[in-house]
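These figures come from a predicted structure and were not determined experimentally. Values below: all heavy atoms of this structure, side chains included; hydrogens, waters and symmetry mates excluded. Quick note on labels: first sequence line is chain A, next is B, and so on, each numbered from 1.
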Number of protein chains: 2
Amino acid sequence: MREERRVPKDPESRPTAARARRRVGRPTSRVLSRRLITETGLRLLDERGAEGAGMRAIAKELGVQPSALYNHVGGHAELLAGVRELLGERIPVDMFAELPWDAALADWARRYRSAFAAHPATIALLAVLPLAEDSALTGMYDTVAGALVRAGCPEDRAVSVIVALESFILGSALDLIAADDMLDPGPRADVPAFSAAYRARAERLAETGRRSVDDAFEVGLRAMIAGFGAGFAPDAGRSA
Amino acid sequence: MREERRVPKDPESRPTAARARRRVGRPTSRVLSRRLITETGLRLLDERGAEGAGMRAIAKELGVQPSALYNHVGGHAELLAGVRELLGERIPVDMFAELPWDAALADWARRYRSAFAAHPATIALLAVLPLAEDSALTGMYDTVAGALVRAGCPEDRAVSVIVALESFILGSALDLIAADDMLDPGPRADVPAFSAAYRARAERLAETGRRSVDDAFEVGLRAMIAGFGAGFAPDAGRSA
DNA sequence: GTCGTAAATGAACACGGTTCTTTTACTGCG
DNA sequence: CGCAGTAAAAGAACCGTGTTCATTTACGAC
């Protein structure tokens with residue numbers, strides 16, 4: 001994070017392109033680092049969409065040849081895994097120390113989803129990655145699992161509760177890349193129940209200004225957490 | 001579905017490769033069709049994994065040049081959309097006519113997930129596709145929406161209930177492509193709550209022989225449906 | 001100082017989807 | 001019946017992707 005903008009004396013150094021051509025051989029001062037590469041990848045994903053973060057594009061952005069990246073990253077897939085960890089690090093877990101379990105769990109889920117929502121282009125790329133084996137995410141799971149067990153969740157069910165909730169979060173994040181009116185049946189007459197339900201919802205959302213994907217997320221989240229609570233031990237820190 | 005195996009007189013016609021070379025120009029009898037292409041794509045996905053269903057591979061399997069495929073499908077993305085519709089068609093909805101809403105919804109969700117689980121290689125490819133705009137899926141939504149409203153679900157919430165459940169289903173399907181022991185913290189001592197919960201679950205699962213991803217799905221599914229029911233009108237066809 | 005290693009360049013390679021031209025067959029129209 | 005227009009195949013390219021490999025240069029340790 002220190003050598004981010006290194007362009008010593010180059011009359012024509014536009015910010016985002018073509019530094020002075022470096023001569024062959026190991027450079028005097030480090031140009032690349034794994035962190036710099038993944039952060040640039042995330043930034044390009046944000047700025048240019050899913051197709052904008054290829055190896056060549058990242059290399060060009062850093063004023064470097066594509067092959068140089070391979071000294072720091074194993075390949076494109078590993079790079080994406082790095083980006084995912086970057087996002088994972090930004091999911092806070094403080095709420096479990098401050099709120100009752102159900103409010104904390106809901107807050108955590110919303111922030112988890114937001115971490116992806118803030119970078120729409122990444123969702124389709126990252127959602128399909130199996131999460132890194134011994135990543136820092138395990139620390140997050142520990143906090144959540146502890147809170148669940150204290151709330152009366154059977155210990156042998158806590159992990160499944162977390163995995164289920166995470167699946168819902170990721171599935172909901174995928175909805176974010178679809179058009180908002182994707183399900184609109186239009187004037188079709190052969191699906192009356194669905195059409196009526198769709199219009200009723202559209203009206204309610206128009207009043208509140210809420211996005212449909214956000215509404216579905218909230219509906220599902222509340223149902224899931226309520227359902228979890230119903231299966232916990234009756235008198236353990238319930239909304240303490 | 002009639003011209004599926006067309007190999008007239010070719011001494012060396014192994015089932016899966018190199019038919020007699022066709023001469024240039026429009027063939028006498030149709031060789032390709034959109035349906036045949038998408039079905040072949042799905043089959044190759046099953047047989048060879050996610051990388052095995054490129055345009056060249058499908059063309060080769062059908063004894064045809066890659067460019068010929070473009071007379072029937074717009075491109076690779078459209079082909080995948082076709083495969084997804086193929087799977088969507090296989091999700092039944094009969095249960096809503098026969099079972100109480102909650103049992104029917106659970107059954108539907110399980111079969112929805114199974115439709116993907118039967119073709120693991122497709123999951124990562126299809127989960128990220130926005131579902132086709134006016135596809136046959138809308139008919140399925142109509143059935144589900146009708147059942148929900150009859151069960152006392154507020155009409156303006158039915159669509160969000162469906163979308164939320166679908167998000168959970170797709171998110172859970174994505175878990176299927178990850179290793180079963182992905183979350184195993186191993187001997188790590190810094191995550192005691194998670195380690196204990198993980199081991200407790202592993203023991204329970206070992207006894208019943210259930211897979212961990214299936215357990216998480218069931219836990220989440222039951223919680224979600226229970227939570228939905230709690231928000232419905234008190235006396236509408238409850239487990240009738 | 002010298003030797004091994006890290007980190008860059010630059011030139012390929014292989015493979016993916018796609019497009020374009022050419023050739024042949026089929027179909028509808030007068 | 002003959003002719004035009006179109007559909008559907010081959011075949012040859014194009015371009016962009018991730019990736020590898022040899023080469024060159026600098027740094028660090030003995």
- Query: Think B/R30 has a side-chain N or O under 4.0 angstrom from the OP1 or OP2 of D/dA8?
  - Reply: yes

- Test salt bridge (charged side-chain N to carboxylate O under 4.0 Å, His left out) applied to A/R35 and A/E89, step by step: CA-CA 13 Å; A/R35 178 123 206 145; A/E89 288 170 11; 3.7 Å; yes

- Task: Tell me what B/A68 touches on the nucleic acid: a base, only sugar-phosphate, or nothing, going by heavy atoms under 4.0 Å.
- Result: sugar-phosphate

N/O to N/O distances under 3.5 Å, protein versus nucleotides 1-6 of chain D:
none

- Message: Between the side chains of A/E78 and A/R34, is the shortest nitrogen-to-carboxylate-oxygen separation below 4.0 Å, so that they form an ion pair?
- Response: yes

- Under-4.0 Å salt bridge between A/E39 and A/R43: no

- Message: What is the separation between atom CD on A/Q65 and atom P on D/dT23, rounded to the nearest whole Å?
- Response: 18 Å

- Item | Span of DNA chain C, from the first to the last nucleotide whose atoms fall under 4.0 Å of chain A heavy atoms | C/dA6 to C/dA12

- Answer yes when A/D175 and A/R211 have at least one side-chain N-carboxylate O distance shorter than 4.0 Å, and no when they do not. no

- Message: Working to the nearest 0.5 angstrom, can you tell me the gap between A/L183 CG and B/I162 CD1?
- Response: 8.5 Å

- Query: Between B/E61 and B/R56, is there a salt bridge with N-O shorter than 4.0 Å?
  - Reply: no

- Query: Is a donor on one side and an acceptor on the other found under 3.5 Å between the side chain of A/D142 and the backbone of B/F194?
  - Reply: yes

- Within this structure, what is the CZ-to-P distance between B/R23 and D/dA8, rounded to whole angstrom? 18 Å

- Distance col, row A/L87:CG vs A/Y112:OH, nearest 0.5 angstrom, shows 10.0 Å

- Query: Taking the nucleotide of DNA chain C with the closest heavy atom to each, which residue, A/S67 or B/S67, is nearer the 5' end?
  - Reply: A/S67

Taking N or O atoms only and anything under 3.5 Å, show me the protein contacts with nucleotides 15-18 of chain D, one pair per line.
unit_1: D/dG18; atom_1: OP1; unit_2: A/M55; atom_2: N; d: 3.4
unit_1: D/dG18; atom_1: OP2; unit_2: A/M55; atom_2: N; d: 3.1
unit_1: D/dG18; atom_1: N7; unit_2: A/R56; atom_2: NH1; d: 2.6
unit_1: D/dG18; atom_1: O6; unit_2: A/R56; atom_2: NH2; d: 3.1

- Message: Assess, by modelled atom type and distance only, whether the side chains of A/Y141 and A/E166 contain a donor and an acceptor separated by less than 3.5 Å.
- Response: yes

- Message: With a 3.5 Å cut-off and heavy atoms only, can you find an N or O donor on one side and an acceptor on the other between the side chain of B/N71 and the base of D/dA7?
- Response: no

- Task: I would like to know whether A/R113 and A/D214 meet salt bridge (charged side-chain N to carboxylate O under 4.0 Å, His left out); could you show each step before the answer?
- Result: CA-CA 10 Å; A/R113 175 168 170 266; A/D214 297 335; 2.8 Å; yes

- Does the side chain of A/S195 pick up a donor-acceptor pair with the side chain of A/R188 at under 3.5 Å? no

